[in-house]
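These notes concern the structure reproduced below.
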Amino acid sequence: MRWKLSPYEAKPSASYVSIELELDCDCTIEDLRTFASQMRDQHGWDIAISGGWGRAM
């Protein structure tokens, strides 16, 4: 997994920011709630699940 700050992020030093995430496994995220839970457990990330998916790359 690789991530970087989104070029559209208006406040890069804020507590919550938008990122672009790329999975190296050539897999897809089917369930955002499950993914968010796993990232919280594994990395301590707090991922918003109430918004949209963002834009497709």
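Quick note: numbers below take in every heavy atom, side chains included, and nothing from hydrogens, waters or symmetry partners.
- Follow the hydrophobic side-chain contacts under 4.5 Å out from M1 and you reach I29 in the same cluster.
- Atom CZ of residue F35 and atom CD of residue Q42 lie 9.0 Å apart, to the nearest 0.5 angstrom.
- Here the closest heavy-atom approach between residue A36 and residue I49 is recorded as CB-CG2, 3.6 Å.
- Across all their heavy atoms, P12 and V17 have their closest contact at O-CG1, 3.7 Å.
- When atom types are taken as modelled, the side chain of E9 and the backbone of S18 share a donor-acceptor pair closer than 3.5 angstrom.
- The structure places CZ of R40 at 10.0 Å from CD1 of I47, a figure rounded to the nearest 0.5 Å.
- Atom CG of D31 and atom OG1 of T28 lie 11.0 Å apart (nearest 0.5 Å).
- For the atom pair K4 NZ and I19 CD1, the distance stands at 11.5 Å (nearest 0.5 Å).
- Dense packing is recorded around CH2 of W45, with more than 12 heavy atoms of other residues, nucleotides or ligands lying under 6.0 Å away.
- Note that the CZ atom of R2 and the CD atom of E20 stand 12.0 Å from one another [nearest 0.5 Å].
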